[in-house]
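Before any comments, here is the structure.
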Amino acid sequence: MSTYALLADGIARAGIHHAFGVPGSGPTLELIHALEQRGVRFTTTYFEGTAALMAGTIGRLSGRAGVALSIKGPGFANLAQGLAASWFESFPVVALVEAFPANVDWRIRHKGMDHESLARVVAKARVPLGATPDFARLAALAAAEVPGPVVAEFVAGDASGAAPPPGVAAEPAAMAAVAAAERPLVIAGTLAIRRGWGPRLAALKVPVFSTASAKGVVDETLAHAAGVYTGVGLARAPEAALLPEADLVVGLGLRPGEVLATKPFACRAINVDAVPSAAALGFAATTSDSDSIFAALAPKSWEIPRIQLAVGKLRLKMQSGPYQPAHVYDAVDRHFRSHVRAVFDTGYFCTIGEHAWRARRPDWCLMSGNGRYMGTGIPMALGAAFHDATVPTVAFLGDGGIGTHLAELRIAVRNRLPLLVVLITDGGFGSVRTRAIKEGFTQAPLVMEDASWLSNVAAMGMPAVRAEGLQQFTEALAAWQWRDGPAYIEVPFDPDVYQGMVEGLR
Amino acid sequence: MIYRLTNRPTQQYLFFLLQRDGALSKGREIGLDLGCNRMQNRPVFHTGRYVGVDVDAVALRNGQSKYPEAEAIHARIEAGEQFPDGDFVVCVQVFAKHFVFDKAVPALVQVCNKVRKGGVLLINFGTKNMEQIPELRAVLAERFAAVEEVPYGISQKTTYFAPLIAAFDFFTRARPRAVQKVYFRAVGRR
């Protein structure tokens, strides 16, 4: 059996239904041929970076590493963009990359490039596929804590050298801290999603925050769900109200990459994790014994109204003010009766969205919560829509991020994906503009003369409308038949209102 | 003396709460019953005046035939200009039926605006308001000096034992098995 057949067999056996990339005429083409013979659908993207992040998103949603592929040199360089985003977000993905044989000096070859150096910064491992590739092993390596991209190259060699990271032992001090605490508070990272701790979090009676990238791990409509913890929340953020009242913070896979500021907590803190905790977060102890920690947390309780008041004050502020993205999010949630997946690109609309959107499930809310990587919205939304087309996906994009992968929307049109793209536009880089205004810097590069993409999107075959105000937006939403394919709604906002909406939040 | 009986345990529990908190109306001038229907809650009010507001004119006439001294105003509760502000305001049957999702918070703000300074508001929210409870609570907390809440919801099934079941839960303070409603007692309008 050929190398490609073996690899394709392994991918199909792993339950992977989609692979993405830009094929070359070498090994990637042969692999794609073998994949299609085994029922694994290959989708050609316009840019390799999109493919990597689409695959990574499927990895995040399915718990199994996604698959992306590229040619060597420029192809891999392009792929690296999506791998970097997946690395930031801890998305498991196996990147199958064409490469020069190990004994060839890449410096003197066409498309020559130092794959080793590039892979080192965007992937957790770089391994040769060898003559008898073992995809299950590669996928396991990508999914192991901390999940991330694994670059597997079409070259001879032995992949057994890549070792999993060290684990963490159970530590009695962590248990003792929880037992002694009267007002513990939980902050769940993405580890809680991967370990399936959602139901256990739902059963607690203490405040449960999640990091932005773990949003939805606890149903945010539950009374003790405290929303998103960023580490930099200002007065209006629930974390500012509730953390000072806690005598213990219990992190669940709480890692520096998942918060915006790495600093010790004011009170005692412990972490439940599968890898050693970062010293900078100041945990008194780390344990891998989640069962004991959940059992010790079970009898602890806070006054539910206290938690809800902190959350409610913020929501009230967002809903009561002038027309802003929070109203759009509420309208989407109501229209689909909460049966909808939201994907947020990065920008002020996401700063609002991470608090305003109430996620019921972790697979129905996606954002670049770790990297805050602008431009990731379209690839994530496409990956999500491919992964599960039984629920509509709504991608909220901003002026800064929409252009990066815009061409890929043609994939949504071609595949009639249930995807609604909502451009939240204030006509520029709102979040960057804040500092320019404050410091008196130039605003010229931050303001777009024509921020509309209406005609461009329509030209790609997507129904596209501009909705001025909530009423028009609601009507446009009602007009979208999600089973018929993608659509685009452009929603303009007053730039000044847009500037003010995050005040006091972070 | 129980002022009102029903065969629904959850509803009976609410009537017990109203009966308890009706004492707060003593010595107050204007009692406002928003969504009063046939004025069944009239006995709860010990205010100088009782003003019932409802959109159902027939129900109002029925109420007035039983309580001739009651003032009846045919209006929607959001038409605040059509009725006076109250010292003691009750609004217990309206929200889950008519003010859900994005309508709940603005409607509550309007209700709060009809409570005089230092006044009391007794208000009840139902299943359809549950997701807005944090925001609704925040509205009350901003406007009243003290806010007490009672989550409840014994059973929606009808039974002749409803008063006994509700009384048991009310007096033993047994926690409701499944919260479907939240009753707020907001005192001291700022």
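Every chain is numbered from 1, with letters handed out A, B, ... down the list of sequences. If you're wondering where the values come from, they're calculated on a predicted model, not measured in any experiment. Below, all heavy atoms of this structure are taken into account, side chains as well, without hydrogens, waters or symmetry copies.
In the displayed structure, B:Arg8 atom CZ is contacted under 6.0 Å by at most 12 heavy atoms of other residues, nucleotides or ligands. In this structure, A:Arg334 places its CZ atom where more than 12 heavy-atom neighbours from other residues, nucleotides or ligands lie under 6.0 Å away. Atom CD of A:Glu182 sits in a sparse spot, with 12 or fewer heavy atoms from other residues, nucleotides or ligands closer than 6.0 Å. The environment of A:Glu503 atom CD is sparse: at most 12 non-hydrogen atoms of other residues, nucleotides or ligands sit within 6.0 angstrom. Under a cut-off of 6.0 angstrom, the local environment of CZ in A:Arg337 is sparse, with at most 12 non-hydrogen atoms contributed by other residues, nucleotides or ligands.
Legend: residues meeting side chain to side chain donor-acceptor pair (under 3.5 Å) with A:Thr221, ordered by chain and number and at least two apart, are A:Asp219.
Under a 3.5 Å cut-off, the side chain of A:Arg358 and the backbone N or O of B:Glu131 do form a donor-acceptor pair.
A distance of 10.0 Å separates CG of B:Leu140 from CG of A:Leu309, quoted to the nearest 0.5 Å.
Using a 4.5 Å cut-off between heavy atoms, A:Arg315 touches chain B through backbone and side chain atoms alike. Of the two parts of B:Val182, neither the backbone nor the side chain holds a non-hydrogen atom closer than 4.5 Å to a non-hydrogen atom of chain A.
When all heavy atoms are compared, the tightest approach of B:Ala138 to A:Lys313 is CB-N, 3.6 Å.
Highest contact tally toward chain A, considering only B:Gln132, B:Arg137, B:Met130, is held by B:Arg137 [criterion: heavy-atom pairs under 4.5 Å].
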### Derivation and outcome, salt bridge (Lys or Arg N to Asp or Glu O under 4.0 Å), residues A:Lys317 and B:Glu135
CA-CA 9 Å; A:Lys317 179 82 178 166; B:Glu135 296 94 301; over 6 Å; no

